[in-house]
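What follows is a single structure, written as structure tokens, with notes after it.
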Protein chains: 2
Amino acid sequence: MNQQSALPPSTLADNIFEQLRTAIVKGELPPGSKVNEPHLSKQYGISRGPLREAIRRLEGCKLVEITANVGAKVISLNSKQAIEIYEIRESLEGLACRLAAHKASQQDCNNLRELLANHERQIQSENGQAYYQKEGDLDFHYLIVQLSGNARLFNLLCDELYHLLRLYRVQTSSSPSRPVQAFKEHHQIVDAIENSDGEMAELLMRRHIASAKATLMQQLESEKLQPNQ
Amino acid sequence: MNQQSALPPSTLADNIFEQLRTAIVKGELPPGSKVNEPHLSKQYGISRGPLREAIRRLEGCKLVEITANVGAKVISLNSKQAIEIYEIRESLEGLACRLAAHKASQQDCNNLRELLANHERQIQSENGQAYYQKEGDLDFHYLIVQLSGNARLFNLLCDELYHLLRLYRVQTSSSPSRPVQAFKEHHQIVDAIENSDGEMAELLMRRHIASAKATLMQQLESEKLQPNQ
DNA sequence: ACAATTTAAATTGTCAACAATAATGACTTT
DNA sequence: AAAGTCATTATTGTTGACAATTTAAATTGT
């Protein structure tokens, strides 16, 4: 699937890093499970050297926790940590929206609209709804962060925090709820960006994510009553 | 200096990581310079294995950039990247202030006041002024992030962004200016926190950092006229 | 003398073996 | 039978050697 276009030369450590990352995010390496070096090195057919380098990169992404002389464990987010991430997201995506509002061209806004239209069509088919809930929402946020023009912000959100969110969703098998409401909010956000109203765009995005956080916290409260772990 | 209190068992890779990080932040490994594995492994008396793991962790902190088959280079922040970092800081420290205002006890506020008082005394002695400009400012921000209670936010700011800022200061040999004004702003921020006024605390902190960013951008503009690189 | 090509050196990527530490299980003791 | 102790096993930490690639230098040709 990604073998054709001239990618830069990659090392074994780079490949194994990405494979492990997707394996973790997809839940194939379950949260809390141990990262066994001999086992993985046999499974992927490489030696432990590049594998250990990959694990150290995963540690940098906060996807595993390493204890000296014990090894790496896939992180398992508790509710407190999930809320912490949402707080950071709220702040950073607000920033992204403000910047995007200042920089986005008309073409950029059209692309955002088109993305939302695609999502809407997918929602109307019942299969699509699951898709939208899973990935489509992140697509929208992804694109806005890109429009912000802040490369480090993009890296922070898209290369680190979003992976953690995906992991948490797999971990709790919770699909982001309230898709219809979220859809309205997305359109309002694009309105603000189209008007170059940075403050409004920031405000709306922060509210948008704060709502998602509130929904999450409600779920957590209800799960406390009937725990399943 | 750090040999006594029961620290957790550390590996060579951990040690070399911290040594390299401080070497980079202090400028001993200059920005843009190559990270030569054979050279460093001889210098620190270890083999290349743990050294490479440490370098991969430095990559995670964004302190070096690795190119496959070429090696690692100490990052060199250009003005655009510095501004990007200030934008993120503005957003995240605003969040930290808001959270801190909600959680800080009276004792916490007293500690903040004491910290500021210490800084004030140090400013009044001429040697201290240089110190305050260099590190004292970060101390204040450091403590507030701690008070926020958001561990991931702390990690993000204190373990990653602040190191990059130190590096940039060394790189441009620019001391943070306007210490007197900054001092007033610090007190206003503590006032807001003491009043549990999260919105105000966030607003003031964002302004505070936005001012620092503006000063930085002015310096950059003036340096464009008489470049020294 | 300059440019291109070839050769040599240095550096990075990878591997397999050894040492040190932690985890497991068997054994003794009460 | 339960708890503690000791030996065994497995895993992590570290090292040095080899292969692959890049960089630097030297050679050749015009």
Side-chain angles (χ1 to χ4, degrees), chain A residues 2-3 5-21 23-24 28-76, chain B residues 2-3 5-21 23-24 28-76:
Chain A
N2 46 9
Q3 196 77 14
S5 58
L7 1 160
S10 65
T11 70
L12 280 186
D14 290 334
N15 291 340
I16 200 71
F17 165 74
E18 290 189 17
Q19 291 190 55
L20 287 179
R21 185 173 63 179
I24 289 175
E28 295 168 15
L29 289 177
S33 66
K34 193 160 176 349
V35 179
N36 188 307
E37 294 180 11
H39 181 250
L40 284 176
S41 84
K42 276 209 299 183
Q43 179 177 338
Y44 288 95
I46 64 170
S47 85
R48 284 175 53 217
L51 176 63
R52 284 173 65 89
E53 293 180 19
I55 292 175
R56 277 286 155 67
R57 282 185 63 187
L58 290 174
E59 183 190 23
C61 300
K62 304 284 156 30
L63 285 173
V64 303
E65 286 175 344
I66 299 180
T67 310
N69 293 315
V70 173
K73 277 195 334 188
V74 179
I75 63 154
S76 175
Chain B
N2 46 9
Q3 196 77 15
S5 58
L7 3 158
S10 64
T11 70
L12 281 185
D14 291 333
N15 292 338
I16 200 71
F17 166 73
E18 290 189 18
Q19 292 191 56
L20 287 179
R21 185 174 64 179
I24 290 175
E28 295 168 16
L29 289 176
S33 67
K34 192 160 175 350
V35 179
N36 189 307
E37 293 180 11
H39 181 248
L40 285 176
S41 84
K42 277 208 300 184
Q43 180 178 335
Y44 288 95
I46 63 170
S47 84
R48 281 176 54 220
L51 175 63
R52 284 172 65 89
E53 293 180 19
I55 292 175
R56 277 287 154 68
R57 284 184 63 187
L58 291 174
E59 183 191 24
C61 300
K62 305 284 157 32
L63 285 173
V64 304
E65 286 175 343
I66 298 180
T67 311
N69 294 314
V70 174
K73 277 195 334 188
V74 179
I75 64 155
S76 176

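All chains are named by letter (A, B, ...) in the order of the sequence lines, taking the proteins before the strands, and each is independently numbered beginning at 1.
- Between B/Lys73 atom NZ and C/dT11 atom C1' there is a gap of 16 Å when expressed in whole angstrom units.
- A donor-acceptor pair under 3.5 Å is absent between the side-chain atoms of A/Thr67 and the main chain of A/Val70, judged by distance alone.
- As judged by a 4.0 angstrom heavy-atom cut-off over every strand, A/Gly49 is placed among residues making no nucleic acid contact.
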Look for any protein N or O under 3.5 Å of an N or O in nucleotides 10-13 of chain D and output each such pair with its distance, or none.
from, atom 1, to, atom 2, distance (Å)
D/dT11, OP1, A/Asn36, ND2, 3.1
D/dT12, OP1, A/Lys34, NZ, 2.8
D/dT12, OP1, A/Val35, O, 3.3
D/dT12, OP2, A/Glu37, N, 3.2
D/dG13, OP1, A/Asn69, N, 3.0
D/dG13, OP2, A/Arg52, NH1, 2.7
D/dG13, OP2, A/Arg52, NH2, 3.0
D/dG13, N7, A/Arg48, NH2, 2.8
D/dG13, O6, A/Arg48, NH1, 3.0

>> Applying side chain to side chain contact (heavy atoms under 4.5 Å, CB included) to A/Tyr44 and A/Leu12, what does each step give before you reach the verdict?
In response: CA-CA 10 Å; A/Tyr44 288 95; A/Leu12 280 186; over 6 Å; no

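- Heavy atoms of A/Pro50 sit under 4.0 angstrom from primed sugar atoms or phosphate atoms, though from no base atom.
- As the counterpart of D/dT30, C/dA1 is assigned, both hydrogen-bonding distances of the Watson-Crick or G-U wobble pattern falling under 3.5 Å.
- A heavy-atom distance below 4.5 Å is not found between the side chains of A/Val64 and A/Leu29.
- In this view, B/Arg21 satisfies the salt bridge (charged side-chain N to carboxylate O under 4.0 Å, His left out) rule with no residue, not counting sequence neighbours.
- Note on A/Arg56 versus A/Glu59: salt bridge recorded, some NZ/NE/NH1/NH2 to OD/OE distance being below 4.0 Å.
- Salt bridge absent: A/Lys73 and A/Glu65 never bring a charged side-chain N and a carboxylate O closer than 4.0 Å.
- Counting heavy atoms of neighbouring residues, nucleotides and ligands inside a 6.0 Å radius, atom NZ of B/Lys42 does not exceed 12 of them.
- The shortest distance between side-chain heavy atoms of A/Val74 and A/Leu63 does not fall below 4.5 Å.
- For the contact set between residues 40-47 of chain A and DNA chain D, defined by any heavy atom under 4.0 Å, there are no members.
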